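To start, the structure under review is shown below, and the notes come after it.
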Amino acid sequence: MPSILDGITDPSQLKALSLRELETLAEELRARIIETCAANGGHVAPSLGVVELTIALHRVFDSPKDKIVWDVGHQAYAHKLLTGRKERFGTLRTRGGISGFPKRAESAHDCFDVGHSSTSISAGVGFAVARDLKKGRNKVLAVIGDGAMTGGLAFEGLNHAGELNKDLVVILNDNEMSISENVGALSNLLSRTITSEYVHRAKKDLEAFLEGVPMFGKSVLKIAKRAEESLKTLFTPGMLFEAFGFEYIGPIDGHDIPKLLETLENVKRFDDAVLIHVLTRKGKGYPPAEANPSLFHGVGPFDIKTGKVHKGKGGAASYTGVFGETVKRLAQEDERIVAITAAMPDGTGLTPFAKEFPERFFDVGIAEQHAITFAAGLAAEGFKPVVALYSSFLQRGFDQLCHDVCLQELPVVFAIDRAGVVGSDGPTHHGVFDLSYLRALPGLTVMAPKDENELQHMLMTALSLEGPAALRYPRGNGLGVPMDQLLAPLPIGKGERLKDGRDGAIIAVGTMVEPAREAAAALSGEGIEVAVMNARFVKPLDAELILELARTGLLITVEDNVVQGGFGTAILELLEQYEMTGVRVVRLGYPDSFVEQGEQADLKAAYGLDAAGIARSVREVCQGLRAPAPAKRSEQPAVPEQPHA
């Protein structure tokens, strides 16, 4: 039997398929998603859960004229397959391949770039207002998961959308089945009745009539609304969304294609703000993902038959794991230590802490801003909060980090995971900006360990301070170095000289230290002797050691961060402060552009941040310094040196 999916080149073709063919298509989409993610890794469970919903959306609406705004984008794989990208779907999340998230540059059907949570409703309001300003007639749909609905931005969008009462459809994809008992005959009857075009229009006409009746019309309308709301409250969770000004529909079975089509066809005729509550099952159709949706939310390559994830290279413990064990160990000795994360207990390594100290562990949901200000309140009362977040997610709490923590000099510790490039999740998840934005904040101590052993000492150091501190570390395994059993605070603002050299000095930050050492060793064999320094502290800097190394006349800074405003910039500022002229500074890092997706090692090599790339940059500079200077031409002004990337 020929594949239905293979014949789909545009979502408009779904309109000609029968219900049985749509059901078959759902099976084929699931098979293709599982097959590709087994090879490449990816967000399996979220995408499997919305296959029928995706089919129904593209069957009823007309993308790209109608705008479908996906929240986060974890669940958009079926959408990609139906919108002309099935031939390239095997390249999902690989370097040069298609993104794991909606991306405008990929397709006209991706109307908004996403990767971080809770943005769809706000963006949807923007699309709806833009449509009305342009006198357009297209529909706008925002698809948001129940997890993303915990983010404050989602409620800000709901509030504004309800006030404007624009023609906007919000689809709440609830995959936790928290109210599954409400899916029954009466609930379905309510949803069908509410979405009936006749009932909807009659209701609007009656409201307009009663509002115009003098004396008692508005009172009757209030009584009628209370009766309707009481009925909805009894059988559905719709009161919350009605309070925001939305017409609430649901809950409905998100895997029942006929019911989805009926509901969407009816809602398509509405012209005000509507929220459809859809219940789905994460990992639907793949038993391992259904049994363990947390693992298969974002998973590496796995065996399709067993669902077992292929083991990595093994060896050393991960930085995340070392952090988790260390904070648990330190909390055993200090009951003031509390741990906070934003919907990432497993990803940040805090699950062991949560099991041992449940009363001192707080998962606040996808709400980084709240996590930080919550921590500030705890710190103001004498506790020692450790806030564990991914680097790119911390960006969303910058205002709170600045005003609520640093301005008050509160001792909050930020454990920043996934610093630097992270791999296949790509530009929305790379943590290559934190050194730049963190070092701008007064009073914040910023550290980066060269290995997993130094990480545990830095965490203890951070917890010993009376003010805020941040330590950033990468995704992946450490170097396999011996782990000290006795922990001691490091001297604040003091780096570590690892090698001497007459021809210059490499000053490296965090995980860039080891490739810098390897580069220096390789250069020694070529007669180029450069010193190597482990910076340890990005703020405050070890001014004494850096200025001493600057006397060689050449400094090469290496950071897993953008060069703009980063560690290398801090070195330039230091040299200017001490009026050290005549020192050549070469900054190695990522350029002033977003870094594409790809394996960590491949990206570092591509941007010259592996040992070979560092050695190459140092070699080129040293050879240039040794070459005789060309004759100067007075009519040509000097060109300022550009940062290396």
Side-chain angles (χ1 to χ4, degrees), residues 318-324 326-327 339-342 344 347-350 368 371-372 375 386-398 401-402 405-406 412-423 425 429-441 444-463 465 468-479 490 492-493 495 507-516 534-541 557-570 589-590 595 600 604 609:
S318 70
Y319 284 92
T320 300
V322 170
F323 159 74
T326 304
V327 71
I340 303 166
T341 191
M344 298 296 292
T348 58
L350 285 177
E368 290 83 3
I372 295 171
V386 178
V387 181
L389 300 171
Y390 288 5
S391 173
S392 65
F393 296 165
L394 179 60
Q395 294 164 187
R396 305 180 348 161
F398 181 80
L401 175 59
C402 177
V405 175
C406 292
V412 178
V413 174
F414 294 92
I416 306 173
D417 204 327
R418 270 60 168 182
V421 291
V422 297
D425 279 340
H429 285 61
H430 290 319
V432 295
F433 304 105
D434 52 49
L435 293 184
S436 299
Y437 67 75
L438 290 174
R439 59 177 291 268
L441 296 175
L444 179 65
T445 300
V446 183
M447 298 172 273
K450 74 176 187 294
D451 55 42
E452 63 270 36
N453 182 50
E454 196 165 69
L455 169 60
Q456 56 178 351
H457 290 284
M458 283 188 174
L459 181 57
M460 185 177 194
T461 304
L463 285 164
L465 298 176
L471 60 151
R472 52 107 71 179
Y473 45 92
R475 176 185 184 182
N477 293 349
L479 302 179
L490 300 172
I492 302 300
I507 307 177
V509 180
T511 54
M512 293 291 94
V513 172
E514 185 58 27
N534 168 24
R536 280 184 173 164
F537 291 85
V538 174
K539 189 175 186 178
L541 293 171
T557 66
V558 191
E559 57 192 305
D560 196 8
N561 190 79
V562 294
V563 292
Q564 281 72 21
F567 175 71
T569 302
Y590 295 106
V595 180
Q600 289 172 289
K604 288 179 180 179
L609 294 176

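In this text, all values refer to a predicted model and were calculated from it rather than measured experimentally.
A donor-acceptor pair under 3.5 Å links the side-chain atoms of E452 to the main chain of L479, judged by distance alone. The main-chain N or O of L441 is found under 3.5 Å from a side-chain atom of K539 such that the two form a donor-acceptor pair. Between the side chain of T320 and the backbone N or O of G349, no donor-acceptor pair lies under 3.5 Å.
Considering only residues two or more places apart in sequence or on other chains, L465 meets the side chain to side chain contact (heavy atoms under 4.5 Å, CB included) condition with T445, A469, I492. Remark: D417 pairs with no residue by the salt bridge (Lys or Arg N to Asp or Glu O under 4.0 Å) rule, at least two apart or across chains. Under the side-chain hydrogen bond (donor to acceptor under 3.5 Å, both in side chains) criterion, R475 pairs with no residue, sequence neighbours left out. Applying the side-chain hydrogen bond (donor to acceptor under 3.5 Å, both in side chains) test to D434 and every residue at least two apart in sequence or in another chain returns S391, R472. Qualifying side-chain hydrogen bond (donor to acceptor under 3.5 Å, both in side chains) partners for H457, counting only residues two or more places apart in sequence or in other chains: D484. In this view, Y390 and R418 satisfy the side-chain hydrogen bond (donor to acceptor under 3.5 Å, both in side chains) rule, not counting sequence neighbours.
Smallest separation of non-hydrogen atoms from M458 and L490: CG-CD1, 3.7 Å. Considering every non-hydrogen atom in both P468 and V405, the closest pair reads CB-CG1, 3.7 Å. Of all heavy-atom pairs between L609 and E559, the closest is CD1-O, 3.8 Å. Pairing each heavy atom of A339 with each of L350, the nearest pair is CB-CD2, 3.9 Å. The two residues V563 and T569 come nearest to each other via the heavy atoms O-OG1, 3.1 Å. Residues V386 and A415 approach most closely at CG1-CB, 4.3 Å, considering heavy atoms.
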Checklist entry - Which is it for L438 and I416 under the side chain to side chain contact (heavy atoms under 4.5 Å, CB included) test, yes or no, and what are the steps along the way? => result CA-CA 11 Å; L438 290 174; I416 306 173; 3.5 Å; yes
Item to check | Full working for side chain to side chain contact (heavy atoms under 4.5 Å, CB included) between L389 and R396 | outcome: CA-CA 11 Å; L389 300 171; R396 305 180 348 161; over 6 Å; no
Next on the checklist: With side chain to side chain contact (heavy atoms under 4.5 Å, CB included) as the criterion, how do L394 and E368 come out once you've worked through the C-alpha distance, each side chain's angles and the decisive distance to 0.1 Å?
Outcome noted: CA-CA 7 Å; L394 179 60; E368 290 83 3; over 6 Å; no
Next on the checklist: Working note: V509 + N561, criterion side chain to side chain contact (heavy atoms under 4.5 Å, CB included); need CA distance, chi angles, decisive distance, verdict.
Outcome noted: CA-CA 10 Å; V509 180; N561 190 79; over 6 Å; no
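At a threshold of 4.5 Å between non-hydrogen side-chain atoms, the residues L455 and T326 do not count as touching. Between V322 and Y473 the shortest side-chain heavy-atom distance does not fall below 4.5 Å. The shortest side-chain heavy-atom distance between V558 and F567 does not fall under the 4.5 Å cut-off. Using a 4.5 Å heavy-atom cutoff, the side chains of E454 and M447 are not in contact. Contact check for E514 versus D451: no side-chain heavy atoms found under the 4.5 Å cut-off. Contact annotation: the side chain of V412 never approaches that of I372 to less than 4.5 Å [non-hydrogen atoms, C-beta and beyond]. Residues Y590 and V421 meet the side-chain proximity criterion, which asks for heavy atoms closer than 4.5 Å.
Using cut-offs of 30° and 60° on the angle between ring planes, the pair F398 and Y437 is perpendicular.
The CD1 atom of I340 lies 11.5 Å from the OG1 atom of T348; values are rounded to the nearest 0.5 Å. With rounding to the nearest 0.5 angstrom, the OG atom of S318 is 11.5 Å from the CZ atom of F323.
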